[in-house]
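The structure appears below as structure tokens.
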Amino acid sequence: DGSAATVLAYETPRFLHLTNGRLYYVASSGGEDCVIRMNADGTSREVLDRAGVILRFALHDGVMYLLDANGSLKERTLSGEESGLMEGVADFSLDVQGNALLCVTQEGVVSFGIDTGKTTTLYAGGADQAALCGDALLVRSGGNLLRVANGQTATIRRDGAALMGVYGQKV
């Protein structure tokens, strides 16, 4: 609206999520990572969880998904109930359309059904990161970007990519 910017938090936030007017993020405090929730205007700040080291965080339908330094992927409700989902995970992203987590493991990329707990291999091979872009699975592997669609894999970039971001239909 053109008004001046205001500082909402003085710690360095990671993995920002804005849901129902509440901002959720991870920040380090006292030597460990914390999941923090506050109103979008910076009021009512609260620490929801102190969780050691958090490598990746996502929020979907009132459930937090956390990847710790041991490769354990966990889900935790906002009320604090926790359960383990998968071990040996190097990275994950959220597939809201498929209600699944795309998990990077030593074997490749698997889809973990949030409702069913079923895992399906989407890509077998080395992977560092994975995300959906439209109907295609994009995989970052060893600096290359791969597109997997209809059972076919194609290299779309060979330029030493260190990170891949997907927003809508754009990479």
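One is the number of the first residue; the rest follow in order along the sequence. Keep in mind that the numbers below use all heavy atoms, side chains included, and drop hydrogens, waters and symmetry copies.
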query = At what distance, to the nearest 0.5 angstrom, does OH of Tyr65 lie from CG of Leu59?
reply = 9.0 Å

ask   = Would Leu73 and Leu55 show up in the same hydrophobic cluster when neighbours are defined by side-chain heavy atoms closer than 4.5 Å?
value = yes

note = Between Ser93 and Ala131, the two heavy atoms sitting closest are OG-CA, 3.8 Å

Test log, rule side chain to side chain donor-acceptor pair (under 3.5 Å), inputs Ser141 and Asp128 = CA-CA 5 Å; Ser141 177; Asp128 300 307; 5.0 Å; no

ask   = When you measure from the side chain of Asn150 to the backbone N and O of Gln152, does any donor-acceptor pair fall under 3.5 Å?
value = no

request  = Check side chain to side chain donor-acceptor pair (under 3.5 Å) between Ser72 and all other residues, then give those that pass, not counting sequence neighbours.
outcome  = Glu87

ask   = In terms of hydrophobic clustering (I, L, V, M, F, W, Y; side-chain heavy atoms under 4.5 Å; direct or indirect links), are Val89 and Leu85 co-clustered?
value = yes

ask   = Are any side-chain N or O atoms of Arg14 and backbone N or O atoms of Ile54, one a donor and one an acceptor, separated by less than 3.5 Å?
value = yes

ask   = When you measure from the side chain of Arg147 to the backbone N and O of Ile156, does any donor-acceptor pair fall under 3.5 Å?
value = no

ask   = Hey, what do you get for OH (Tyr24) to CE (Met64), rounding to the nearest 0.5 Å?
value = 8.5 Å

task = Look only at the side chain of Thr116 and the backbone of Lys118, and say whether a donor-acceptor pair between them is shorter than 3.5 Å.
result = yes

message = Please tell me whether Val53 and Val47 are part of a single hydrophobic cluster in this structure, the criterion being side-chain heavy atoms less than 4.5 Å apart.
response = no

inquiry  = Please enumerate all residues that pass side chain to side chain donor-acceptor pair (under 3.5 Å) together with Thr77, with sequence neighbours excluded.
reply    = Ser79

key: Sidechain-backbone polar pair: Asp91 side chain, Gln129 backbone, donor-acceptor under 3.5 Å   = no

key: Residue pair Thr19, His60: steps toward the side-chain contact (heavy atoms from CB on, under 4.5 Å) verdict   = CA-CA 9 Å; Thr19 304; His60 178 58; over 6 Å; no

request  = Establish whether Val148 and Val166 are linked, either directly or via other cluster members, by ILVMFWY side-chain heavy-atom contacts under 4.5 Å.
outcome  = no

task = Take Arg50 and Asp33, measure what salt bridge (Lys or Arg N to Asp or Glu O under 4.0 Å) needs, and give me the verdict at the end.
result = CA-CA 6 Å; Arg50 294 186 174 278; Asp33 287 339; over 6 Å; no

request  = Measure up the Phe15 and Phe57 rings against each other and bin them: parallel (under 30°), tilted (30 to 60°), perpendicular (over 60°).
outcome  = tilted

request  = Please say whether more than 12 non-hydrogen atoms of neighbouring residues, nucleotides or ligands are located less than 6.0 Å from CG in Asp159.
outcome  = yes

message = Exactly one of Leu67, Leu101, Thr105 should register a side-chain contact (heavy atoms from CB on, under 4.5 Å) with Met86. Which one does?
response = Thr105

task = Kindly indicate, with the supporting measurements, whether the criterion side-chain contact (heavy atoms from CB on, under 4.5 Å) is fulfilled by Thr121 and Glu107.
result = CA-CA 9 Å; Thr121 300; Glu107 291 76 37; over 6 Å; no

message = So, taking the atom named CD in Glu81 and the one named CD in Glu75, what distance separates them when rounded to the nearest 0.5 Å?
response = 9.5 Å

query = Taking atom types as modelled and ignoring hydrogens, do the side chains of Arg22 and Asn39 form a donor-acceptor contact shorter than 3.5 angstrom?
reply = yes

ask   = When you look at Ile114 and Leu94, which way does the side-chain contact (heavy atoms from CB on, under 4.5 Å) test go after all the steps?
value = CA-CA 10 Å; Ile114 291 172; Leu94 189 58; 4.1 Å; yes

request  = Mind listing the closest non-hydrogen atom pair of Tyr25 and Leu16 along with its distance?
outcome  = CB-CD2, 3.5 Å

Approximate separation, where rounding is to 0.5 Å, of Asp41 CG and Leu8 CG = 7.5 Å

Common cluster, Leu78/Val26, ILVMFWY with side-chain heavy-atom separation under 4.5 Å = yes

note = Between Ala9 and Met38, the two heavy atoms sitting closest are CB-CE, 4.0 Å

task = Output the distance between atom CG (Leu102) and atom CG (Leu132), rounded to the nearest 0.5 Å.
result = 4.5 Å

task = With sequence neighbours left out, write down each residue that passes side chain to side chain donor-acceptor pair (under 3.5 Å) with Asp115, or none if nothing qualifies.
result = Asn99

query = What is the minimum heavy-atom distance between Glu11 and Ala27, and which atoms define it?
reply = CG-CB, 3.3 Å

key: Point-to-point distance, once rounded to the nearest 0.5 Å, from CG of Leu137 to OG of Ser111   = 9.5 Å

query = Among Val104, Val139, Val110, which residue meets the side-chain contact (heavy atoms from CB on, under 4.5 Å) test with Tyr123?
reply = Val139

task = With side-chain contact (heavy atoms from CB on, under 4.5 Å) as the test, would you mind laying out the steps for Asp68 and Lys74 before giving the verdict?
result = CA-CA 8 Å; Asp68 70 18; Lys74 301 172 183 175; 3.4 Å; yes

Glu46 CD: over 12 foreign heavy atoms closer than 6.0 Å = yes

inquiry  = I'd like to know if the side chain of Thr155 reaches the main chain of Arg157, judged simply by a donor and an acceptor atom lying under 3.5 Å from each other, with no hydrogens or angles considered.
reply    = no

note = Here the pair of heavy atoms bringing Phe112 nearest to Gly117 is CE1-O, 3.6 Å

